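Below is one structure; the comments refer to it alone.
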Amino acid sequence: MSVENRELAGPKMRAIPGARLSKIPQIEQLDADLRRDIEVVSAVLPFKVNNYVVDELIDWDAVPDDPIYRLTFPHRDMLPSQMFDDIGKIIDSKADKATLRAAVDDARLSLNPHPGDQLASNVPVEDDEPVNGLQHKYHETVLVFPGQGQTCHSYCGYCFRWAQFIGIADLKQAVDTPDKAFAYLRHHREASDVLFTGGDPMIMSTERIRNYIEPLLAPEFEHIRNVRFGTKGLSYWPYRFTTDNDADDLLRLFEKAIAAGKHVAIMAHFSHPRELETPAVVEAIQRVRATGAVIRAQAPLVRHVNDDPSVWSDMWRKMVNLGVVPYYMFVERDTGASSYFELPLRRAVGIYRDAIAAVSGLERTARGPVMSASPGKVVLDGIVKVGGEEVFACRFLQARNPDNVGRPFFARMDEHAVWFDDLKPAFDEPWFWQQ
Ligand SMILES: *Cc1c(COP(=O)(O)O)cnc(C)c1O
Ligand code: SF4
């Protein structure tokens with residue numbers, strides 16, 4: 001097949017930014033209130049969809065309750081009601097740009113744009129200088145944020161990196177050249193894994209990705225066994241792996257890394273079984289797997305999209321059927337539109353349990369519900385009664401201090417707790433890692 005034929009065979013990505021969402025034909029058919037909601041909310045939070053999401057993922061007959069629509073389109077409840085009213089009034093009054101801009105800036109700052117201050121606290125320091133664009137929290141894994149990978153094919157309403165997309169978080173959180181990452185990795189022999197993340201590193205051209213991967217195949221990086229890519233590309237633009245111009249080159253690059261002795265892990269983000277059902281994603285998964293790369297899947301548990309055990313059990317069954325390994329079920333972070341998506345930890349534990357109970361052992365490999373908190377990755381193993389008191393049984397899957405990995409602990413039951421910071425020690429004060 002010639003290159004021209006491939007280009008003709010695949011669709012071209014057309015990105016639709018938040019400011020244009022209310023103008024697309026599918027939205028123009030909805031009622032005026034919904035259109036105004038979209039305008040007001042997208043003035044504050046970042047949104048972007050593309051032709052695949054609109055044409056192939058969203059079921060427009062089910063809008064506004066369709067889960068993929070809820071995942072990708074603005075909803076008025078994503079803003080606190082007072083904020084929604086205030087911004088809405090400013091827009092309706094056709095106020096000047098500066099007035100709207102000032103109100104929007106204030107609104108954004110009140111939505112906890114820097115959750116857990118994770119950017120600042122995990123940036124490694126080398127020769128007394130912070131190495132921008134890297135995070136090294138757990139010994140074995142270094143996160144790399146390539147400068148050209150800080151956007152996605154489409155955005156998730158619950159994204160915890162939303163502030164970066166609109167320029168209010170520190171965009172220095174990206175490496176401008178691969179050399180910076182290599183200089184650090186060369187000296188950190190304890191690291192066995194490199195995780196390219198973003199945004200979405202798969203937004204980059206294969207040539208750019210190649211500049212990050214090929215040097216790692218040299219003997220000096222023998223200690224790097226696993227090369228991971230955090231991506232929602234399979235879900236939001238599967239053509240990245242099938243018919244895009246450089247799709248074949250990308251797959252050859254995976255093969256090259258594998259032939260050089262690396263394990264290539266695609267850390268795919270799938271929020272709903274719908275994302276596994278199109279012919280395009282099925283082909284993309286087959287092609288990636290044929291290179292020898294392993295696809296592992298993770299997503300947060302969020303209201304309006306996947307807060308039902310049968311959605312997860314269905315998703316895990318479909319994954320295993322396609323050769324994708326379920327990896328993590330996350331708890332959604334306390335930032336941006338979190339009040340819209342969050343659900344009580346108590347419910348999260350129940351949903352995970354009911355979902356796991358409905359599938360076979362092969363389909364039970366996702367750990368959850370998991371919170372990426374400041375001292376580490378905490379899984380809620382369940383709710384138990386100890387000495388007559390109901391408590392959350394928790395455990396560190398990952399810990400800033402490696403001595404704490406695997407250690408269990410108990411947190412007091414709190415019906416309203418939605419995030420790690422809401423939890424209090426059940427018996428001993430303070431938490432053992434603070435003693
Ligand atoms: C989740 C995470 C990792 C990877 O953890 P694994 O359990 O090895 O998948 C690495 N670094 C950070 C900061 C993380 O949050
Ligand atoms: S794909 Fe990931 S980084 Fe991109 S918007 Fe969704 S959650 Fe955020």
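For ligands, and for the atoms within them, numbers begin at 1 and follow the listed sequence. Not measured: the values here are computed from a predicted model. Basis for what follows: all heavy atoms, side chains included, without hydrogens, waters or symmetry-related copies.
Of all protein heavy atoms, the one closest to atom 11 (N) of ligand 1 is Leu143 CD1, 3.3 Å. Nearest to atom 8 (Fe) of ligand 2 among the protein's heavy atoms is Cys159 SG, 2.3 Å. Looking at atom 12 (C) of ligand 1, its nearest protein heavy atom turns out to be Tyr138 CE1, 3.5 Å. Scanning all protein heavy atoms for the shortest distance to atom 2 (Fe) of ligand 2 gives His269 ND1, 3.9 Å. Of the protein's non-hydrogen atoms, the one nearest atom 1 (S) of ligand 2 is Lys232 CB, 3.6 Å.
Using a 4.0 Å cut-off between a side-chain N of Lys or Arg and a carboxylate O of Asp or Glu, Lys232 and Glu275 qualify as a salt bridge. Looking at Arg346 and Asp414, no side-chain N of the basic residue comes within less than 4.0 Å of a carboxylate O on the acidic one, giving no salt bridge.
A donor-acceptor contact shorter than 3.5 Å links the side chain of Arg35 to the backbone of Glu28.
His223 and Phe221 have tilted rings, their planes meeting at an angle from 30° to 60° on a 0 to 90° scale. Ring pair Phe229/Phe254 is tilted by interplanar angle, where 30° to 60° counts as tilted.
The neighbour count for Arg317 CZ, taken as heavy atoms of other residues, nucleotides or ligands under 6.0 Å away, is above 12. Counting non-hydrogen atoms of neighbouring residues, nucleotides and ligands closer than 6.0 angstrom, the CZ atom of Arg289 reaches no more than 12 such neighbours.
Of the heavy atoms in Leu397, none comes closer than 4.0 Å to ligand 1. The side chain of Lys377, and not its backbone, has at least one atom closer than 4.0 Å to an atom of ligand 1 (non-hydrogen atoms only; side chain from C-beta on).
Close contacts of ligand 1 with Thr141, meaning ligand atoms under 4.0 Å from a residue heavy atom, involve 10 (C). Atom numbering of ligand 2 starts at 1 in the shown order; those under 4.0 Å from a heavy atom of Cys156 are 1 (S), 5 (S), 6 (Fe), 7 (S). Less than 4.0 angstrom separates some heavy atom of Ser372 from each of these atoms of ligand 1: 15 (O). Close approach of ligand 1 to Tyr328 is summarised as follows: ligand atoms under 4.0 Å from at least one heavy atom of the residue are 6 (P), 7 (O), 9 (O).
Inclusion of Arg367 in the set of residues having an N or O under 3.5 Å from an N or O of ligand 1 is not warranted. Checked against a 3.5 angstrom limit, the closest N/O atoms of Tyr327 and ligand 1 fall inside it. Of the N or O atoms in Arg228, one or more lie within a sub-3.5 Å distance of an N or O in ligand 1.
Inclusion of Cys152 in the first shell of atom 4 (Fe) of ligand 2 is supported: an N, O or S atom falls under 2.8 Å.
Here the two rings, on Tyr236 and Tyr155, have centers that are 6.0 Å apart or farther.
For Gly199, the heavy-atom gap to ligand 2 drops under 4.0 angstrom.
Closest heavy-atom approach to atom 13 (C) of ligand 1 among the candidates Gln298, Gln398, Lys137: Lys137.
Side chains of Tyr340 and Arg70: a donor-acceptor N/O pair is present below 3.5 angstrom, by distance only. Judged purely by distance below 3.5 Å, without hydrogens or angles, the side chains of Ser42 and Arg20 never pair a donor atom with an acceptor atom. Checking Arg364 against Ser313 by side-chain atom types alone, no donor-acceptor pair falls below 3.5 Å.
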